[in-house]
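Counting begins at 1 with the first residue of the sequence. The basis for the numbers below is simple: all heavy atoms, side chains too, and nothing from hydrogens, waters or symmetry mates.
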Amino acid sequence: MTAADIRRKIIEVVGNNGGHLASSLGAVEIAMALAEVFDPKEDAVIWDVGHQAYAWKILTGRDSQFSSIRKFGGLSPFPTPLESECDPAVCGHAGVALSVAEGMAAAYESRKSLRNVVAVIGDAAIANGTSFEALDNCASACGKVIIVLNDNEMSISKPRGSLSRMLAKLITGVRYNRIKAAAESAGHKMKLTPLRGFYHRIESSIKSWFLGNAFFERFSIRYIGPVDGHDLSSLKSAFTVAKEDKRSVIVHVTTKKGKGYEPAEKDPTAWHGVGPFYGNPREKVRDWSSACGEAIVQAARKDERVVALVAGMKDGTGLERFAREFPRRFYDVGIAEGHMVAFAAGLAAGGMKPVVAIYSTFLQRAVDQVMHDVAIASRNVVFCVDRAGVVGADGATHQGVFDIAMLRCLPNMIISQPADEKELKAMLDEALSSDHPQVIRYPRGAVPSDAEIGEFSPRALSVQLMNPDAKTQIWALGDQIEKARKIASLTGAGVVYARYIKPFDSEMLSRQRCEGKRIISLENGSVAGGFGEAIGADLKFGWPDKFICHGTLEELEKEYGFDAATIAEEING
């Protein structure tokens, strides 16, 4: 199968199923070369992240199943050892592959195994804090690991920071490779081969003298590159050299994101992750991300202290407009969520009003900073938590169902969930005027313009929407109101819009308890540790204590008993 064949297959399947297109198109030859030089079943090839790995799936025994990727019951959207022995690790979040690779390499060395370990890392993921920690630990942790740095000058949005600029200099600096070759040649001419340790110190000194920017070699990792990531012969040659070297090696590969599909080449950000586009025009819908981005812009116009932060996700979190209008008040830190939250805490301590726009699944990577740097000192940092709840086809690594359970236990935290765009704006204004940190969580998808919740006073904790005298009362979070109304029509229950998750409306809850009401909770989050547990609901409906697989929202709700009909049946039963 040629690279062109693989690209055609990826485009066809993603066109029908949706998926991560541009990044996988850019890594086709990398996957082909890895599959030829290494043994996919014996050697460990760990992708960071699985956005790049569609070709790897096709080349490692899953070609006939590839049309099922991201579908319920089909191939996982990301590499996982639950699916194939050719996937030695879960690869859904960026920045962890090198740490996992070093651990596997250290284990193989302890067991006297000769298996190779390869970590394929994107240019944005290498700047992640965990990647830096792994680089620092590499020489002492294991004798040999191979790092393939896929440098396409992109993450999801354009990469930020000094490391990306350094990589760009290495790509354009032909002089680097000429001097490197001369330095290596000079080392060999010294004829110090019997004294390998001394020779390598001399060789490194010569390189460092010539190369002020030999960044990776200062971690005792041999640098090879840049290599044309679309030249299969050059890739196989470089990977063979890396395989035969006894030291850890980084192979710096340059690729074009979206390679082979003109729309993705021209706009790799828009074509990073897409829905089905064959026979399904890519219509721009008003979604929660866009609504939040606009609300933050409006807040920033009124208060010059408002600043916005993202971790390599400007477009995904709806902050393109903010970045254009307030470039000096916008911070994109790259894939470095922990740093971003601590940085936001510093901004708040300095008198600014930081708004952190982040996906729920990525906020997990910064929970320590939320606790240590934000919550303890009660810094007024606002977290706009996007994709809160099940996101569908991206699967277990990206389902944003754990944020309530993770954050509800932290003192000083306020957590809310809006029902529509008007509510989102009101909650943001409330949060920015607060003295506490606040989380505003909202799901993926279209934002309702009017959820028909009526008017009420600011900071109201809850609102009775239907049937206040009913013996059963459904306490629903913002994105579950429509479902709650359907359930109420089937059961005669009342509906309470639980506007705030923490603090919840204990006064209304106590009153309903005293009246003998049965309390039902409805949340797009994990039941374990969730809102239902907080209010002591008699029946708790949400996502079970499992990692939720991939599929459409409708399929997953049916599978896990979270659809309106199943819930109504259980309430009536």
Side-chain angles (χ1 to χ4, degrees), residues 388-389 401 403-405 407-409 411 413-420 422-423 426-427 430 436 438-443 448 450-544 557 561-573:
V401 298
D403 55 276
I404 295 175
L407 301 174
R408 184 174 66 83
C409 60
M413 296 296 295
I414 298 172
I415 308 173
S416 61
Q417 179 156 352
D420 56 26
K422 178 182 66 176
E423 275 282 88
M427 285 181 179
E430 290 171 11
H436 297 279
Q438 180 158 333
V439 171
I440 305 172
R441 73 187 303 266
Y442 45 89
D450 186 354
E452 299 180 2
I453 53 177
E455 297 293 332
F456 46 90
S457 61
R459 298 195 185 280
L461 298 179
S462 66
V463 184
Q464 182 81 52
L465 297 181
M466 290 177 64
N467 306 333
D469 297 326
K471 286 297 183 182
T472 295
Q473 294 290 324
I474 302 171
W475 285 57
L477 301 189
D479 66 332
Q480 297 296 297
I481 287 176
E482 182 180 353
K483 185 191 293 183
R485 285 177 168 138
K486 290 180 182 177
I487 297 168
S489 69
L490 296 170
T491 63
V495 175
V496 175
Y497 163 32
R499 193 166 180 261
Y500 276 78
I501 300 164
K502 182 182 179 181
F504 59 81
D505 193 342
S506 57
E507 184 177 331
M508 178 184 283
L509 182 66
S510 296
R511 185 170 63 251
Q512 291 187 346
R513 286 289 190 195
C514 289
E515 294 169 355
K517 311 285 190 185
R518 183 169 63 149
I519 305 299
I520 312 293
S521 62
L522 195 61
E523 59 190 302
N524 188 1
S526 172
V527 168
F531 174 66
E533 285 193 3
I535 65 173
D538 300 299
L539 286 177
K540 307 172 186 66
F541 292 102
W543 299 101
E557 286 187 341
F562 192 42
D563 59 295
T566 302
I567 293 172
E569 185 178 343
E570 187 167 345
I571 290 173
N572 284 331

Legend entry - Which atom of Trp543 lies closest to which atom of Asn524, heavy atoms considered: NE1-OD1, 2.8 Å

Legend entry - Sequence-distant partners of Ala564, side chain to side chain contact (heavy atoms under 4.5 Å, CB included), two or more places apart: Lys483, Lys486, Ile487

Inset, instruction - Check Gln480, Arg441, Met427 against Gln417 for a side chain to side chain contact (heavy atoms under 4.5 Å, CB included) and give me the one that passes. - result: Arg441

Inset, instruction - Only counting residues at least two apart or in another chain, list the ones meeting side chain to side chain contact (heavy atoms under 4.5 Å, CB included) with Pro544. - result: Lys546, Ile548, Tyr560

Legend entry - Inter- and intrachain pairs under salt bridge (charged side-chain N to carboxylate O under 4.0 Å, His left out), touching residues 515-533, at least two apart: Glu515-Lys517

Legend entry - Closest approach of Ile414 to Pro503 (non-hydrogen atoms, all atoms of both residues): CG2-CD, 4.3 Å

Legend entry - 4.5 Å side-chain heavy-atom contact, Phe504 and Leu461: no

Inset, instruction - Indicate yes or no: at least one non-hydrogen side-chain atom of Leu477 is less than 4.5 angstrom from one of Ile404. - result: yes

Legend entry - Inter-residue atom distance Asp505.CG - Gln464.CD, 0.5 Å rounding: 10.5 Å

Inset, instruction - Go through Phe541 and Val527 one step at a time and tell me if the side chain to side chain contact (heavy atoms under 4.5 Å, CB included) criterion holds. - result: CA-CA 7 Å; Phe541 292 102; Val527 168; 6.0 Å; no

Legend entry - Contacts of Arg513 that satisfy salt bridge (Lys or Arg N to Asp or Glu O under 4.0 Å) - sequence neighbours left out: Asp538

Legend entry - Minimum heavy-atom distance between Ala488 and Val495, given as atom pair plus value: CB-CG2, 3.8 Å

Inset, instruction - Sort and list the pairs that fulfil side-chain hydrogen bond (donor to acceptor under 3.5 Å, both in side chains) and have at least one residue in residues 561-573, not counting sequence neighbours. - result: Asp563-Thr566

Legend entry - Euclidean distance, Tyr500 OH relative to Ile440 CD1, rounded to 0.5 Å: 7.5 Å

Legend entry - Under the side chain to side chain contact (heavy atoms under 4.5 Å, CB included) test, residues paired with Ala493 that sit two or more places apart: Thr472, Ile474, Thr491

Legend entry - Under 3.5 Å donor-acceptor, Gln473 side chain and Ile520 backbone: no

Inset, instruction - Output all residues satisfying ring pair (Phe, Tyr, Trp, His ring centres under 6.0 Å) with Tyr442, sequence neighbours left out; order by chain, then residue number. - result: Trp288

Inset, instruction - Hey, could you give me each pair passing salt bridge (charged side-chain N to carboxylate O under 4.0 Å, His left out) that has a residue in residues 462-480? Not counting sequence neighbours. - result: none

Legend entry - Pairs satisfying salt bridge (charged side-chain N to carboxylate O under 4.0 Å, His left out), at least one member in residues 494-504, at least two apart: Glu423-Arg499, Glu430-Arg499

Legend entry - Distance in Å, Ile571 CD1 paired with Leu490 CG, rounded so as to fall on 0.5 Å steps: 9.5 Å

Inset, instruction - Check Arg408 against Ala534 and note the closest heavy-atom contact, atom names and distance. - result: NH1-CB, 3.4 Å

Inset, instruction - Taking all heavy atoms of Phe531 and all of Ser521, pick out the closest pair and write down the distance. - result: CD2-CB, 4.4 Å

Inset, instruction - For Tyr497, check ring pair (Phe, Tyr, Trp, His ring centres under 6.0 Å) against everything at least two apart and list the hits. - result: none

Inset, instruction - Using side chain to side chain contact (heavy atoms under 4.5 Å, CB included) as the criterion, list what pairs up with Asn467, not counting sequence neighbours. - result: Ala470

Legend entry - Taking every non-hydrogen atom, the tightest pair across Ile453 and Ile481: CG2-CD1, 3.9 Å

Inset, instruction - Mind checking side chain to side chain donor-acceptor pair (under 3.5 Å) for Ser416 and listing every partner two or more places apart, or none if nothing turns up? - result: Gln438

